[in-house]
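What follows is a short report on a single structure.
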Amino acid sequence: AQKVTQAQTEISVVEKEDVTLDCVYETRDTTYYLFWYKQPPSGELVFLIRRNSFDEQNEISGRYSWNFQKSTSSFNFTITASQVVDSAVYFCAPTFRVQGGKLIFGQGTELSVKP
Amino acid sequence: GAVVSQHPSWVICKSGTSVKIECRSLDFQATTMFWYRQFPKQSLMLMATSNEGSKATYEQGVEKDKFLINHASLTLSTLTVTSAHPEDSSFYICSARDHTLSYNEQFFGPGTRLTVL
């Protein structure tokens, strides 16, 4: 069965700290896509990144970086020098072909960045 | 590009009434739209997949007679919560898939907060 786990329910850091949000998934699919979304208190989902399962290069976008390890089925997200505006719930959401491309949302990690 | 709107953004209704939520893709055609429900402090749960011109496919445990979905055009899907009850109070989010893209990306609406009194 296809499954995604975000083991960290809540994380609290102080501004300027680095923080890593974990995402582990299970699948027998060889072709799939992985997404991360941010949900601020307003509720609207904000797209952060899409990654193809064939592309294992790590990606950096400003203070955000992603580490994709296909061998361990993990797609972790790191925020460097966190800011108060990073406070939100973050969802990891893969899509698998065997499930018709539906997004499978993890439980979410609530990040609180304190000044 | 790839903007999805939802209307209304919030609604309060009395128990027993029906509420309709609209989801529109503004700058692309969406053959497939999805409806999610999110309770406080929980993840998004897929309710149904809406395909233009055909019946929606509901996830297990979702009552199709209670949550009516209509996807009559390539840019509009509606979710009607019939005979709403307080337990239906939730955050409803739609998303739309651009069928011209190969990577299954869904574009999300801003959500509709439903409160049933």
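Here is the naming used below: chain letters follow the sequence lines, and residue numbers restart at 1 for every chain.
Atom-to-atom distance recorded for A/Thr9:OG1 and B/Lys41:NZ is 10.5 Å, nearest 0.5 angstrom. Residue A/Phe47 holds its CZ atom at 11.0 Å from CZ of B/Phe108, rounded to the nearest 0.5 Å. How far CD of A/Glu44 is from CD of B/Gln6: 9.0 Å, rounded to the nearest 0.5 Å. Between B/Arg97 atom CZ and A/Lys102 atom NZ the span is 10.0 Å, to the nearest 0.5 Å. Atom-to-atom distance recorded for A/Phe91:CZ and B/Gln38:CD is 5.0 Å, nearest 0.5 angstrom. A distance of 9.0 Å separates CG of A/Leu45 from OH of B/Tyr36, quoted to the nearest 0.5 Å.
Summarising the local packing, NZ of B/Lys66 is surrounded by more than 12 heavy atoms from other residues, nucleotides or ligands at distances under 6.0 Å. By the 6.0 Å contact criterion, CD on B/Glu87 is enclosed, its count of non-hydrogen atoms from other residues, nucleotides or ligands being greater than 12. Residue A/Ile60 places its CD1 atom among 12 or fewer non-hydrogen atoms of other residues, nucleotides or ligands, all under 6.0 Å distant. Shown here is A/Lys70, whose NZ atom has more than 12 heavy atoms of other residues, nucleotides or ligands within 6.0 Å.
Only the side chain of B/Thr49 comes within contact range of chain A, with at least one heavy atom under 4.5 Å from a heavy atom of that chain. Contact annotation for A/Gln6: neither backbone nor side-chain heavy atoms come within less than 4.5 Å of a heavy atom of chain B. For chain A, the nearby part of B/Leu46 is the side chain; its heavy atoms alone come within less than 4.5 Å. Contact of A/Tyr32 with chain B is not made at all, since no heavy-atom distance falls under 4.5 Å.
In the hydrophobic clustering of this structure, B/Trp35 does not group with B/Phe91; members are Ile, Leu, Val, Met, Phe, Trp, Tyr whose side-chain heavy atoms approach within less than 4.5 Å, directly or through other members. Both B/Ile69 and B/Ile21 are members of a single hydrophobic cluster when ILVMFWY side chains are connected at heavy-atom separations under 4.5 Å. Residues A/Val19 and A/Ile49 share a hydrophobic cluster, clusters being chains of Ile/Leu/Val/Met/Phe/Trp/Tyr side chains in contact below 4.5 Å. Under the 4.5 Å side-chain contact rule for hydrophobic residues, A/Val113 and A/Leu48 share a cluster.
Put simply, the side chain of B/Ser43 never gets that close to the backbone of A/Gly108: no donor and acceptor are under 3.5 Å apart.
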